Protein chains: 2
Amino acid sequence: MKKSVHTDCSSAMLPVRDAIDVISGKWKLLILISISSGNHRFTEIQKSIPKITAKVLSNELKDLEQNKLIERKIIEGYPVMIEYNTSSYAETLGDVIKALRDWGINHRKKITGK
Amino acid sequence: MKKSVHTDCSSAMLPVRDAIDVISGKWKLLILISISSGNHRFTEIQKSIPKITAKVLSNELKDLEQNKLIERKIIEGYPVMIEYNTSSYAETLGDVIKALRDWGINHRKKITGK
DNA sequence: CGGAATCCTCTACGATACTG
DNA sequence: CAGTATCGTAGAGGATTCCG
């Protein structure tokens, strides 16, 4: 059996790849932050995130719902209202978001020269 | 002055957005993992990451170098060799990678039913 | 070996308009 | 209000070939 000439790090990469597949893109984490900050209505979320369009938001919300990270609730009435809430599962992303936020703060200091 | 009707969470989103801008895409973190796992040559790195092409790897390496996350070293000789190493600054991404890895492991358990 | 060049595809993302 | 429909674009990513 031939030894490979490079270091095998697939076991380290696989889970990271899994995570990236789910939360990749510019918007998903921002949407989760917005919802967990108190924005639960479609229009609220849209206004809270600069530059996001209705179409993109709509698609991302569907993605997040399929991945069980948010829940979509229909509130009957006139008019019908829709409410989005983060799931308890989304809370497991807390460490990821915190790590990214901390690093982002530090990185901005570094490139702007503090 | 009119109060906005949505919760303002821009201060929470901004750093996350900064971080996403730098490490976004399918490859950058995987490349960093590969290099820090012991792969320092272009071909080694390429072989260690399934499906990545030379062009994509080349572009990503340039990006990472510009963001001071890796260092490119030319080793004179016959033939000339190139060596990539992670910078000390890249180590600050450790928490991000760890958080993503942990979450990815957990997520895979969840969707595959353990 | 470590890429660059070329050409191509695909899709995330965007602008605008419209609807129940 | 909460989207959908349509059209369009840019760039990420891919396949293949070539080069010093």
Side-chain angles (χ1 to χ4, degrees), chain A residues 4-7 13 16-17 19-32 34-35 38-67 69-86, chain B residues 4-7 13 16-17 20-32 34-35 38-67 69-85:
Chain A
S4 66
V5 68
H6 66 277
T7 303
M13 292 188 331
V16 176
R17 180 166 242 171
I20 289 174
D21 283 347
V22 176
I23 63 171
S24 65
K26 297 164 63 177
W27 305 114
K28 291 195 180 61
L29 291 179
L30 303 182
I31 292 167
L32 288 175
S34 174
I35 297 176
N39 298 307
H40 302 288
R41 312 288 302 284
F42 188 93
T43 317
E44 283 175 4
I45 301 169
Q46 190 180 359
K47 278 190 268 189
S48 74
I49 303 178
K51 305 281 186 184
I52 197 168
T53 63
K55 178 183 134 188
V56 168
L57 178 55
S58 175
N59 287 337
E60 302 282 9
L61 286 171
K62 281 175 195 161
D63 260 27
L64 291 169
E65 196 187 353
Q66 278 182 17
N67 282 313
L69 292 169
I70 61 172
E71 282 149 16
R72 184 180 190 271
K73 191 169 157 191
I74 301 168
I75 302 176
E76 303 296 345
Y78 306 95
V80 168
M81 289 184 186
I82 311 288
E83 201 179 278
Y84 292 98
N85 282 284
T86 55
Chain B
S4 67
V5 68
H6 66 277
T7 303
M13 291 187 333
V16 175
R17 180 166 240 170
I20 289 174
D21 283 346
V22 176
I23 63 170
S24 65
K26 298 163 61 177
W27 305 114
K28 291 195 180 61
L29 291 179
L30 303 182
I31 292 167
L32 289 175
S34 175
I35 296 177
N39 297 307
H40 302 287
R41 311 287 302 284
F42 188 92
T43 316
E44 282 175 4
I45 300 169
Q46 188 179 0
K47 276 189 270 189
S48 75
I49 304 179
K51 303 282 185 185
I52 197 168
T53 63
K55 178 185 139 189
V56 169
L57 178 55
S58 176
N59 287 337
E60 301 282 3
L61 287 170
K62 281 175 196 162
D63 260 29
L64 291 169
E65 197 188 352
Q66 279 181 17
N67 282 314
L69 291 170
I70 61 171
E71 283 148 15
R72 185 179 191 270
K73 190 169 158 191
I74 301 169
I75 301 176
E76 303 295 346
Y78 306 96
V80 168
M81 288 185 185
I82 312 288
E83 202 180 278
Y84 293 96
N85 281 285

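Proteins come first, then strands; the chains are lettered A, B, ... in the order of their sequence lines, and each starts at number 1. These numbers were taken from a predicted model, which means no experiment stands behind them.
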Calculate the interatomic distance between [X] atom [atom1] and [N] atom [atom2]; express it in whole Å.
X: A/Lys73; N: D/dC1; atom1: NZ; atom2: P; result: 19 Å
X: A/Ile75; N: D/dA2; atom1: CD1; atom2: P; result: 9 Å
X: B/Ile49; N: D/dG13; atom1: CD1; atom2: C1'; result: 14 Å
X: A/Gln46; N: C/dT16; atom1: CD; atom2: P; result: 14 Å
X: A/Ile74; N: D/dG3; atom1: CD1; atom2: C1'; result: 13 Å
X: B/Asp21; N: D/dA12; atom1: CG; atom2: P; result: 12 Å
X: B/Glu65; N: C/dG2; atom1: CD; atom2: C1'; result: 14 Å
X: A/Asn59; N: C/dC13; atom1: CG; atom2: P; result: 10 Å

Would you mind telling me which residue lines up with the more 5' stretch of DNA chain C, B/Glu83 or A/Lys51, judged by nearest nucleotide?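 Nearer the 5' end of the strand: B/Glu83.
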
Quick check: on DNA chain C, is the nucleotide nearest B/Ile82 upstream (toward 5') of the one nearest A/Ile52, or the reverse? Name the residue that is more 5'. B/Ile82

Heavy atoms only, 4.0 Å cut-off, all strands: where does [X] land among base, sugar-phosphate and nothing?
X: A/Lys62; result: sugar-phosphate
X: B/Glu60; result: sugar-phosphate
X: A/Tyr78; result: nothing

On DNA chain D, compare the nucleotides closest to A/Lys47 and B/Lys26; which residue's is nearer the 5' end? A/Lys47

Can you find a side chain N or O atom of [X] that sits less than 4.0 Å from OP1 or OP2 on [N]?
X: B/Tyr84; N: C/dC1; value: no
X: A/Thr43; N: D/dA2; value: yes
X: B/Ser58; N: C/dG2; value: no
X: B/Arg41; N: C/dG3; value: no

Side chain of B/Trp27, heavy atoms from C-beta onward: which of C/dG3, D/dG14, C/dA15 has the nearest atom to it? D/dG14

Among C/dA15, D/dA15, D/dG13, which nucleotide sits nearest the side chain of A/Thr53?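 So the side chain of A/Thr53 is nearest to C/dA15.
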
With heavy-atom distances below 4.5 Å as the criterion, would you say the side chains of B/Leu64 and B/Lys28 are in contact? yes

Are the side chains of A/Lys73 and A/Ile82 in contact, using a 4.5 Å heavy-atom criterion?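 A side-chain contact under 4.5 Å is absent here.
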
Is the backbone of B/Glu83 close enough, under 3.5 Å, to the side chain of B/Arg72 for a donor and an acceptor to pair up by distance?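 No.
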
Option among B/Val56, B/Ile52, B/Asp63 that satisfies the side chain to side chain contact (heavy atoms under 4.5 Å, CB included) test with B/Ile31: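 Testing B/Ile31 for a side chain to side chain contact (heavy atoms under 4.5 Å, CB included) against B/Val56, B/Ile52, B/Asp63 leaves exactly one candidate, B/Ile52.
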
What's the spacing between B/Leu32 CG and A/Met13 CE if we round to 0.5 Å?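 Result: 12.0 Å between the selected atoms.
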
Let me confirm one number: the OG-NZ distance from A/Ser58 to A/Lys62, rounded to the nearest 0.5 Å.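 These two atoms lie 4.0 Å from each other.
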
At less than 3.5 Å, do the side-chain atoms of B/Lys55 and the base atoms of D/dG13 form a donor-acceptor pair? yes

